[in-house]
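Written out below as C-alpha cells is the structure these notes cover.
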There are 2 protein chains.
Amino acid sequence: MAGHPRFTLNRASPVPLYFQVAEQFEKAIIDGTIAPGERIDNEIALAKELGLSRPTMRQALQVLVDKGMLVRKRGVGTQVVHGKIRRSVELTSLFDDLSAAGQKPQTTVIAVGKVPADEDVARELQLKIGADVWSLERLRYVGKEPLALMHNYIPVDVVDLDAVDLSETGLYAYLRQSGVLMRVARQRIGARRAAPAEASLLHEKRGAPLLTMQRTAYDNAGRAVEYGRHAYRPDLYAFELTLVDR
Amino acid sequence: MAGHPRFTLNRASPVPLYFQVAEQFEKAIIDGTIAPGERIDNEIALAKELGLSRPTMRQALQVLVDKGMLVRKRGVGTQVVHGKIRRSVELTSLFDDLSAAGQKPQTTVIAVGKVPADEDVARELQLKIGADVWSLERLRYVGKEPLALMHNYIPVDVVDLDAVDLSETGLYAYLRQSGVLMRVARQRIGARRAAPAEASLLHEKRGAPLLTMQRTAYDNAGRAVEYGRHAYRPDLYAFELTLVDR
DNA sequence: GTCAACCATTTGTCCTGACATATTGACGTC
DNA sequence: GACGTCAATATGTCAGGACAAATGGTTGAC
C-alpha cells in the first residue's frame with residue numbers, strides 16, 4: 001500500500017471537507033511528498049483513513065483530476081501525473097498574473113472617459129451602436145519596459161470609472177471589489193503588426209509583431225460586463241495554459 | 001415553473017444517464033429551446049420528472065456548468081448563460097479543429113525522419129540531448145492558402161512514423177489510433193517575426209508577424225509523448241477559448 | 001510453452017437520505 | 001413607511017450502500 005501524508009481535517013471549519021483534502025493533496029504533490037508517477041491508495045482506503053465517505057473522497061480527488069495533477073484509471077488506481085502543473089488559464093487579468101509572479105506591475109492611464117460604442121464594441125457588449133460606454137486605455141510596465149497596451153470598454157451602468165485610480169489597482173480587482181461578478185469569458189488570441197502609434201508606446205519598431213488578445217467577460221446573468229482589446233510585446237509575454245483531457 | 005423540453009433516457013445504453021441528460025440539455029440550449037437567462041426547474045423537480053436521483057441530476061448539470069453554459073446560485077436556482085459558447089480549448093489538434101468546422105484540411109509533409117534532439121526538444125521530451133527523435137515538418141493548407149507550418153517531435157519509442165501517410169491523417173488522430181493516450185498538455189502561445197524560409201512557405205512577406213504555439217503533451221504515466229512548435233498565419237487563424245470561473 | 005478463461009482489484013455510475021447555508025420575499029413591529 | 005425577522009426555496013455538502021465495467025494478473029487447459 002502506497003504511503004501518503006497524514007492529512008488533518010477540521011469539521012468545524014466552513015471550508016468543505018472535500019476541499020480541505022484537495023488542498024492538502026495538492027500541496028503534497030507540489031512539494032514532492034507524493035512523487036510523480038506514484039500510485040496513491042484507493043478511494044475506499046483513503047476515505048476510511050480520513051473518516052470520510054467515498055463520495056466525499058472522490059469529490060476531493062476529482063478537483064485534482066480536473067487540474068491535471070491526478071489521473072484515474074478504472075481497475076488500476078489513481079496516479080500522480082506531475083508536480084509542477086501550471087494553473088490553467090483562469091478568469092484573471094494581466095495584473096493578477098504579474099502580481100502572482102511576484103512582480104510589481106505599474107500602469108499608466110493614457111485615457112479614460114465615455115465614448116460612443118463602435119460596431120465592434122456594441123456587438124460584443126450587446127449594446128446599440130453609439131451608446132455610451134467607458135473607454136479605458138492603459139499602458140502596463142514591468143520594470144521600465146512597456147509590456148502591454150490595453151484598451152477596455154465597459155457599459156456605463158456597470159461601474160463608475162471616474163472615481164477610481166486605476167494606476168494602482170487592476171481593473172479586474174476593481175470590478176470584483178465593486179460587486180461585479182464575472183463568471184464566463186470568451187478570449188481570442190491572435191497576432192498582427194503594430195500600428196505606428198502602438199509601436200511608439202510599446203518601444204517597438206514600426207511593423208513589429210504584437211500578440212493580441214480580445215476578451216469579453218459576462219456576469220452571472222449572461223450580461224456582457226467588459227470587452228477588452230489588448231496588445232502585448234511578444235518578447236516579454238506569452239500565454240501559457242494547461243489542457244486536461246476528460 | 002419554467003418549462004423545459006422532454007428528454008428521453010435510455011437505461012439500456014452504455015452511455016451514462018448523467019451524460020445523456022447533459023447532452024440533451026446542451027442541445028436544447030444551443031438551439032434555443034431553452035432561452036438564455038431562463039431559469040430552469042430546480043434539481044429535485046428535474047430529477048423526479050426524469051426518474052433520476054438528485055446526485056445524478058446534479059452531475060448532469062455540473063457538466064454544463066463546467067462548460068460555462070449554466071450558472072448555479074444557491075438559494076436562487078440555475079440559469080442558462082449563453083447559447084453560443086464556443087468549446088474551450090481542448091486536447092485536439094488543428095486538423096481536428098478544421099475537420100469539425102466542416103473544412104477539409106490538406107497537408108504537405110515537408111520532411112520526416114529521425115534527428116538528434118536539440119536542447120529544447122530534449123528538455124521538453126525528458127530525453128538526453130542528441131537522443132534520436134522523430135522530426136516531422138508539415139505545411140497545412142485551408143483551400144489553396146497555407147495556414148500553418150508545423151514542426152513536431154516525438155520520442156522514437158512512442159510510435160513509428162515511417163509507416164503512415166500523414167498527408168491524409170492528422171498526427172493526433174494517428175497517435176490516438178496507435179494507442180497513445182494523451183491526457184495533459186502544456187501550451188504556450190506567442191508571436192514573432194517570420195524567418196525568411198517560413199515566410200516563403202506560408203506565402204507571407206519577409207518579417208511578417210506569425211502566431212506561434214508550442215505544445216508538450218503527456219500520457220497517462222506523465223511521459224512526454226509529443227512536442228510541437230507551430231507557426232500560424234494570424235490573418236487566417238486565432239485561438240479561441242472560453243474561461244469559466246469556478 | 002502458449003493462450004484463453006477466470007478472478008481480484010479499483011474506479012465508474014447510481015441510488016436514498018439528511019442536514020447546512022445562501023437568497024429572496026413576505027410578514028410584522030416600531 | 002422603514003427596517004428587521006422569519007420562513008420558503010434552492011443549491012451545497014456529506015453519508016452509506018449497491019452494482020457495473022475495465023484492468024491486470026493468475027490459473028488452467030491444451
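Below, chains carry the letters A, B, ... as their sequence lines are ordered, and counting in each starts from 1. Only heavy atoms go into these numbers, but all of them, side chains included; no hydrogens, no water, no symmetry mates.
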Using side chain to side chain donor-acceptor pair (under 3.5 Å) as the criterion, point out the one residue from A:Gln214, A:Arg186, A:His151 that pairs with A:Tyr227.
A:Gln214
What pairs with B:Arg72 under side-chain contact (heavy atoms from CB on, under 4.5 Å), at least two apart in sequence or on another chain?
B:Glu43, B:Arg58, B:Leu61, B:Gln62, B:Val65, B:Thr78
To the nearest Å, how far apart are B:Ile40 CD1 and D:dA10 P?
12 Å
A:Leu50 CG to D:dC14 C1', straight-line distance once rounded to whole Å:
14 Å
Give the intermediate values and the outcome of side chain to side chain donor-acceptor pair (under 3.5 Å) for residues A:Tyr218 and A:Glu226.
CA-CA 7 Å; A:Tyr218 304 86; A:Glu226 187 255 326; over 6 Å; no
Donor-acceptor contact present, side-chain A:Gln79 to main-chain A:Ile40, <3.5 Å:
no
Atom CZ of B:Arg72 and atom C1' of D:dT13 are separated, to the nearest Å, by 12 Å
Starting at CD of A:Gln79 and ending at C1' of C:dT11, how long is that distance when rounded to a whole Å?
13 Å
Report the distance from atom CD of A:Gln62 to atom P of D:dC14, rounded to the nearest whole Å.
15 Å
Taking only side-chain nitrogens and oxygens of B:Arg58, does any of them come within less than 4.0 Å of OP1 or OP2 of D:dG12?
yes
Can you say whether the rings of B:Phe25 and B:Phe7 are parallel (under 30°), tilted (30 to 60°) or perpendicular (over 60°)?
perpendicular
Identify each atom pair where a protein N or O and an N or O of nucleotides 14-18 of chain C are less than 3.5 Å apart, giving names and distance.
residue	atom	partner	partner atom	Å
C:dC14	OP1	B:Leu17	N	2.5
C:dC14	OP2	B:Leu17	N	3.4
C:dC14	OP2	B:Tyr18	N	3.4
C:dC15	OP1	B:Arg11	NH2	3.0
C:dC15	OP2	B:Ser53	N	3.1
C:dC15	OP2	B:Ser53	OG	3.0
C:dC15	OP2	B:Thr56	OG1	2.6

Can you tabulate the close N/O pairs, meaning under 3.5 Å, that link protein atoms to atoms of nucleotides 25-27 of chain C?
none

Applying side chain to side chain contact (heavy atoms under 4.5 Å, CB included) to B:Val121 and B:Leu127, what does each step give before you reach the verdict?
CA-CA 8 Å; B:Val121 172; B:Leu127 298 172; 5.7 Å; no
What's the CZ-P distance between B:Arg74 and D:dA10, to the nearest Å?
15 Å
If I take atom NZ in residue A:Lys73 and atom P in nucleotide D:dG25, what distance separates them, rounded to the nearest angstrom?
11 Å
Hey, mind stepping through A:Asn152 and A:Arg138 against side chain to side chain donor-acceptor pair (under 3.5 Å) and telling me if it holds?
CA-CA 8 Å; A:Asn152 296 85; A:Arg138 292 170 301 166; 3.1 Å; yes
For atom NZ of A:Lys48 and atom P of D:dA15, their distance in whole Å
15 Å
Look at the side chain of B:Glu38 and the backbone N and O of B:Ala35, then say whether any donor-acceptor pair between them is shorter than 3.5 Å.
yes
Taking for each residue the nucleotide of DNA chain C bearing the nearest heavy atom, is the 5' side occupied by A:Pro14 or by A:Gly75?
A:Gly75
Can you tell whether the side chains of B:Lys67 and B:Glu26 come within less than 4.0 Å, N to carboxylate O?
yes
At under 4.0 Å, does any side-chain N or O of A:Thr78 touch on OP1 or OP2 of C:dT11?
yes
